[in-house]
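Shown next, in structure tokens, is the structure this report addresses.
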2 protein chains.
Amino acid sequence: MNSRQLQVFVAVAEVGNFTKAARSLNIVQPAVSNTIKKLEEELQMSLFMRKDKSVSLTTEGKVLLKNARIILGQFKKAELEMVELRQMERGEVRLGVTNTLGMYYFPKVIEAFKQRHPNLNFSVQVFGMRKIEQLIEEDQLDMGVVMLENMPNNMTGRHFLTDEIVACASVLHPLAQHETITYKKFIREPLLVFTGGAVQRELIEKTCKAENIDSNVIFETNLIPLIKNLVSAGHGVTSFLRPVIEGDPRFKGISFNPPIIFDFAIAWKKSCHLSMANQAFVDFLIDYEKQKKNTNQ
Amino acid sequence: MNSRQLQVFVAVAEVGNFTKAARSLNIVQPAVSNTIKKLEEELQMSLFMRKDKSVSLTTEGKVLLKNARIILGQFKKAELEMVELRQMERGEVRLGVTNTLGMYYFPKVIEAFKQRHPNLNFSVQVFGMRKIEQLIEEDQLDMGVVMLENMPNNMTGRHFLTDEIVACASVLHPLAQHETITYKKFIREPLLVFTGGAVQRELIEKTCKAENIDSNVIFETNLIPLIKNLVSAGHGVTSFLRPVIEGDPRFKGISFNPPIIFDFAIAWKKSCHLSMANQAFVDFLIDYEKQKKNTNQ
DNA sequence: TAGACTTACGGGGACCGTAACAATC
DNA sequence: GATTGTTACGGTCCCCGTAAGTCTA
């Protein structure tokens with residue numbers, strides 16, 4: 001007993017006529033005869049009473065019909081679900097992002113993606129980069145933002161964004177006169193440090209150690225607006241990705257010399273297959289950046 | 001997507017290994033590879049992550065697995081129901097019998113049949129023969145007992161029993177001395193008539209009319225024991241199928257001259273297919289009589 | 001004679017088995 | 001080298017289409 005046999009059987013049962021059933025199935029009538037005959041032989045019972053000009057179900061046929069309808073319905077439902085998955089009308093994306101990118105980069109991208117695939121469930125959460133790597137490892141996230149150059153070797157991913165870290169001071173601050181600044185000079189300033197992601201903090205520590213000086217951190221927070229307010233009020237300087245202060249007249253962004261460039265990648269466990277929804281988001285992300293680059297040129 | 005593909009898919013999903021799945025399906029491993037590949041191509045999505053030494057389900061695979069289990073379960077259930085129907089572990093027999101046969105013939109047969117097919121639902125009801133024909137016509141009975149020689153032509157059936165109608169008198173009655181009696185002489189006796197089935201009553205009417213005499217019916221009832229009591233007490237004579245009085249020392253059964261033989265058939269609507277349960281009972285009935293005849297010889 | 005189902009026969013595709021290959025430990 | 005999955009090839013069986021046959025109105 002297979003699905004094709006049931007399909008033919010139901011067609012015949014519904015129209016009570018082999019010829020019409022064949023037409024509705026787009027096959028010839030003898031094919032229907034054969035299929036039904038095979039099915040009857042397999043079940044060792046007759047399913048239809050052959051009367052002149054029409055056929056009708058036997059008692060056994062009626063029992064089979066009930067089951068056949070359920071089975072075919074279930075097939076249809078399963079196939080539909082698969083199509084929905086394929087067409088991104090179902091599924092889930094669980095993404096971990098850094099605080100900065102979560103505030104200044106992803107909202108626009110995700111909004112555009114959501115518009116394309118409105119029925120996907122989307123979970124975006126902000127974590128530090130180390131935490132993102134850990135949660136991906138623990139399968140609590142599907143993917144996340146990591147630094148391209150130090151991607152864990154049990155993970156794989158794709159580079160999607162390059163951005164510059166700049167020193168950030170109030171436009172009234174003496175530093176605002178400079179166009180570039182060395183990192184060594186920068187860390188001697190009173191520093192307001194964003195501690196959400198450990199990366200910039202690590203950069204400071206490393207440089208201090210290399211220069212053999214103590215860092216001059218006067219304030220730590222993971223609230224970007226708070227840092228911006230304090231910097232704006234002239235309490236110190238900080239470093240941000242350039243987009244954070246771009247367009248904000250209160251701040252001057254000063255490139256480091258040599259410049260500090262971050263390459264961001266979206267990454268996932270190497271051993272783990274991305275669901276179609278996640279894969280679609282990655283593709284979308286790469287494509288989004290390519291489009292943006294083309295437009296800017 | 002067909003049932004075979006799902007069967008293979010579930011097998012692989014359950015053991016997480018193509019080779020073992022192939023073994024459990026009693027096919028070779030490349031066959032499994034091919035089937036899964038076809039399925040993946042058809043659904044346009046990958047269902048398994050191929051890792052070293054084992055495979056595991058993708059997100060989409062998990063969704064399919066849930067559906068596949070339901071579908072295969074439904075198949076199993078349907079096949080089981082068909083087997084049960086075939087093996088007479090389900091189904092219903094709705095049989096109409098005459099009063100006499102219901103009391104003196106069918107109990108033993110039905111008991112034997114019940115023993116063979118204990119899970120069949122059985123409905124046996126006593127009606128007059130005309131009523132049986134009517135109820136079959138109305139589809140309220142599947143089959144019933146009718147006279148072979150006047151089976152309605154919209155019905156068909158099989159002869160299963162031949163029995164003799166005999167005059168029945170108390171052993172103390174003067175008629176008990178006779179070995180035969182003509183029907184003409186019989187109807188001049190004071191008659192106790194069994195009115196459950198109209199057949200014997202009709203026979204009396206017909207003969208009276210032919211002989212141009214009034215019938216001498218002094219009592220009518222459809223209670224066989226009551227008639228037997230009255231006959232036993234010498235209040236009159238009656239006619240019965242021979243088995244009714246066989247072995248009862250109070251009565252003498254006197255063959256008519258010429259003998260009156262009834263051929264009983266079990267019959268059903270010609271246009272209507274007998275369910276396997278009913279068919280089985282018919283076969284059983286014929287076989288039962290054949291066995292009995294062989295034993296007696 | 002027309003309409004409906006059955007039977008017989010041939011072709012194409014699906015599935016399975018064999019065998020050789022690739023990859024990982 | 002052993003185990004696991006993939007690819008290629010050939011054979012068999014199933015299903016479909018064509019054509020002829022049977023039955024009934």
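Naming convention: chains lettered A, B, ... in sequence-line order (proteins, then strands); numbering from 1 in each chain.
When the side-chain nitrogen and oxygen atoms of B/R50 are compared with OP1 and OP2 of D/dT6, one or more of them lie within a distance under 4.0 Å. Phosphate contact (OP1/OP2 of C/dC5, side-chain N/O of A/N17, threshold under 4.0 Å): present. Contact between the side-chain N/O atoms of A/S33 and the OP1/OP2 oxygens of C/dC5 is not found at any separation under 4.0 Å. Taking only side-chain nitrogens and oxygens, A/K37 never comes nearer than 4.0 Å to OP1 or OP2 of C/dC5.
Whole-Å rounding puts the B/M49 CE to D/dT6 C1' distance at 19 Å. A straight line from CD of B/Q7 to P of C/dC16 spans 10 Å, rounded to a whole angstrom. Nucleotide C/dG13 holds its C1' atom 15 Å from the CD atom of B/E41, rounded to whole Å.
Across all their heavy atoms, A/K114 and A/F122 have their closest contact at CE-CB, 4.4 Å. Of all heavy-atom pairs spanning A/A31 and A/I27, the tightest one is CB-CD1, 3.9 Å.
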Which parts of nucleotides 14-23 of chain D does protein reach within less than 4.0 Å, heavy atoms only, written one letter per nucleotide 5' to 3' as B for base, S for sugar-phosphate only and - for none? -SSBBB----
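Taking the centre of each ring, B/F113 and B/Y288 stay at or above the 6.0 Å mark. Residues A/F9 and A/F48 place their aromatic rings such that the two centres sit under 6.0 Å apart.
A side-chain N or O of B/D263 and one of B/T162 form a donor-acceptor pair less than 3.5 Å apart.
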Going through the distances and angles, do A/V55 and A/M49 end up as a side-chain contact (heavy atoms from CB on, under 4.5 Å)? CA-CA 6 Å; A/V55 293; A/M49 301 182 262; over 6 Å; no
Listed pairs under 3.5 Å, donor-acceptor, residues 277-286 of chain B side chains, sequence neighbours left out:
{"from": "B/N278", "atom 1": "ND2", "to": "B/D142", "atom 2": "OD2", "distance (Å)": "3.0"}
{"from": "B/N278", "atom 1": "ND2", "to": "B/S275", "atom 2": "OG", "distance (Å)": "3.1"}
{"from": "B/Q279", "atom 1": "NE2", "to": "B/D283", "atom 2": "OD1", "distance (Å)": "3.3"}

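Contacts with DNA chain D (heavy atom under 4.0 Å) in residues 18-25 of chain A: none are found.
Within the 4.5 Å cutoff, no side-chain heavy atoms of B/F75 are placed close to those of B/L6.
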